[in-house]
Structure formats: C-alpha cells, structure tokens
2 protein chains.
Amino acid sequence: MRLPIVEGMTDIFDALTAPARRAIMDALAQRDEQTLFELMNRLRSDHALTLTRQAISQHLAVLDEAGLVERRREGRYTFHTLNTAPLREIPQRWPDRSTS
Amino acid sequence: MRLPIVEGMTDIFDALTAPARRAIMDALAQRDEQTLFELMNRLRSDHALTLTRQAISQHLAVLDEAGLVERRREGRYTFHTLNTAPLREIPQRWPDRSTS
DNA sequence: TCGATAGGCAAGTCTCCACTTGCATGCAAG
DNA sequence: CTTGCATGCAAGTGGAGACTTGCCTATCGA
C-alpha cells in the first residue's frame, strides 16, 4: 500500500501547479512516446501555447521528478510517456464522500 | 457530463498549489464544520504551521472559490466543510492506466 | 451599552518560479 | 570530420501570490 519514496522527488502538487505542465500532460494523454520537439509543436498548435524549447524541457524535468512522466533515451531522441500512478495519492489523501 | 462552470471560479489546481491550503484540507478531512480559529489552532498544533488568521482566511477564500470548501454562516461563526467533489476532475482529465 | 470575540477588507513586502537568453554536448547523416 | 539536429546546463529577469500589518464590521454576553 505504501508508495516508494524516491529521495529528492518533487511532490505531484508542485508539478501540477503550472498550467503549461498540465497541458504537457494533456498532450501525452493523447499520445505517448513524444519527443521534446513534438510536444513543443503540439502545444503550439493544439493548446495555443508558444513556449521555448527550454521552457518545455524544464517542465518535463519537473514532471519526471514527480514521477508523472517517464523518459526513455534512444539515440539522440528522448521519448516521454505519461504515468498517472502518482495521481492516486490525491483521492487517497482526501477520500470521496459522494455516498456518505 | 459537463460540470457547471461558475463565473470567476478558481480552478482546483490553483487551489491545491499552496501547501498551507492542502494542510487546511487535511484538517477538514479529519473533522468538518470547523471555524477559522479552530483551523488556525489545529494547524499550529497538528501540522506545525503557524500562520496568521488573515492568511488562513485568504486560503479559505481560495478554497471556497474552487469549490473545495463550503462556508456556512451561523451567528458570528462561519463553519467550513470539505467538499471533495471537484477533485474528480483530475482522474477524469488523466484517466488511470493501471489496467491497460 | 460596553467589552470581547469572530471575521473581513485593503495595501505593502518579499520570495519563489516560470520563462528567456546564451552556450555547450552528443548523435547522425553526408 | 564536418554540418545539422535534438537536447542539456546555467544564469538572469519579471511577475504572481503567499504572508503580514493595520484597520474596520458584526455578533454575543454581561
């Protein structure tokens, strides 16, 4: 039941604060295994977000530290995949009261 | 399927940003119907958070705008209750992939 | 009515972080 | 090996918001 705590890991709430990071998660929810440039172009076209490559790279680093995305290096490309598992911390912390 | 959009409503991610606001939600998850002073003392004793009354009041206003707490005025007291319903937006936006 | 309690409003400060700019690294194709 | 592409590292800047201070309103008890 206990989630593994990685040292120096950013908590998911810090990661979810920036709207740009949530947009990146949206883009990855639509399609996994995207590279940095693919994400940049997708944010520009689909989410009306024009950010520099470095900004997105920093966002991906934060999301990686929070465990919300996973990076796989292959040659000169780095593919990013969404990991929704850490999000389960939220309903665990504040359980739903719909049927109370 | 569509959630009612209240005008000028803060989204829940902005509300979840501040650690103090998450601590307030923790305190309300333990016991509902708490007043401002009760919350202040509880944060001080249980969460090692010494904030001024005004700070907590501002946090409660943000949580109220996000729909995460509900305020009920009774005489000179205002009782605060946690509402977890808006949190369902999160797994709806990024569905769990455990059984994919 | 007067003091005490519970809370609200408004403005100021200051820290943090999102974003940029600039430069460096590594792989790949010709 | 050299040019180009994909990415990383580091420092600087600007703005948002978390928190405080100060003052005001309202309700309850004596």
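Keep in mind it's a predicted model, so treat the numbers as computed, not measured. Residue numbering restarts at 1 for every chain, and letters A, B, ... go by the order of the sequence lines.
- The base of C/dT5 sits within donor-acceptor range of the side chain of B/R76, with an N or O pair under 3.5 Å.
- Distance A/N41 CG to D/dT7 P: 11 Å, rounded to the nearest Å.
- Rounded to whole Å, atom P of D/dT7 lies 8 Å from atom CZ of A/F79.
- Minimum interatomic distance between A/D14 and A/R21 (heavy atoms only, all atoms of both residues): O-NH2, 3.0 Å.
- Distance, B/L16 CG to D/dA18 C1': 16 Å, rounded to whole Å.
- Not one side-chain nitrogen or oxygen of A/T35 sits closer than 4.0 Å to the OP1 or OP2 atom of D/dA6.
- Atom CZ in B/F37 sits roughly 12 Å away from atom C1' in C/dG8 (whole-Å rounding).
- Taking every heavy atom of both residues into account, B/M25 and A/W94 meet most closely at CB-NE1, 3.4 Å.
- Of all heavy-atom pairs spanning B/L82 and B/D32, the tightest one is N-OD1, 3.1 Å.
- Taking CD from A/Q34 and OG1 from A/T78, the interatomic distance works out to 13.5 Å, rounded to the nearest 0.5 Å.
- For A/M40 and D/dC5, the CE to P distance is 13 Å, given to the nearest whole Å.
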> Can you list the steps and then say if B/S57 with B/R53 is a side chain to side chain donor-acceptor pair (under 3.5 Å)?
Replying inline: CA-CA 6 Å; B/S57 176; B/R53 174 182 59 82; 5.9 Å; no

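- Looking at heavy atoms from C-beta onward, A/H59 lies out of side-chain contact with A/D64 at the 4.5 angstrom threshold.
- When rounded to the nearest whole Å, the span between CD of B/E65 and C1' of D/dA18 equals 15 Å.
- Side-chain contact between A/T81 and A/V69: absent, with no pair of heavy atoms (C-beta onward) separated by less than 4.5 Å.
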Please list, pair by pair, any protein nitrogen or oxygen found under 3.5 Å from a nitrogen or oxygen in nucleotides 16-21 of chain C.
{"unit_1": "C/dA18", "atom_1": "OP1", "unit_2": "A/R21", "atom_2": "NH2", "d": "3.3"}
{"unit_1": "C/dA18", "atom_1": "OP2", "unit_2": "A/R21", "atom_2": "NH1", "d": "3.1"}
{"unit_1": "C/dA18", "atom_1": "OP2", "unit_2": "A/R21", "atom_2": "NH2", "d": "3.3"}
{"unit_1": "C/dC19", "atom_1": "OP2", "unit_2": "A/H59", "atom_2": "NE2", "d": "2.3"}
{"unit_1": "C/dT20", "atom_1": "OP2", "unit_2": "A/T52", "atom_2": "N", "d": "3.0"}
{"unit_1": "C/dT20", "atom_1": "OP2", "unit_2": "A/T52", "atom_2": "OG1", "d": "2.6"}
{"unit_1": "C/dT20", "atom_1": "O4", "unit_2": "A/Q58", "atom_2": "NE2", "d": "2.8"}

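- Nucleotide C/dG8 holds its C1' atom 15 Å from the CD1 atom of B/I56, rounded to whole Å.
- Salt bridge A/E70/A/R72: absent, no basic N to carboxylate O contact under 4.0 Å.
- The listed nucleotides are D/dT7, C/dA6, C/dG8; the one nearest the side chain of B/R71 is C/dG8.
- In this structure, A/Y77 atom OH and D/dG8 atom P are separated by 14 Å, rounded to whole Å.
- A/R73 comes within 4.0 angstrom of nothing in the nucleic acid, heavy atoms only.
- Note that the two end axes of the helix from C/dT1-D/dA30 to C/dG30-D/dC1 enclose an angle of 30°, each drawn from 5 base pairs, rounded to 10 degrees.
- Note that CG of A/D26 and CZ of A/R42 are 11.5 Å apart. Values are rounded to the nearest 0.5 Å.
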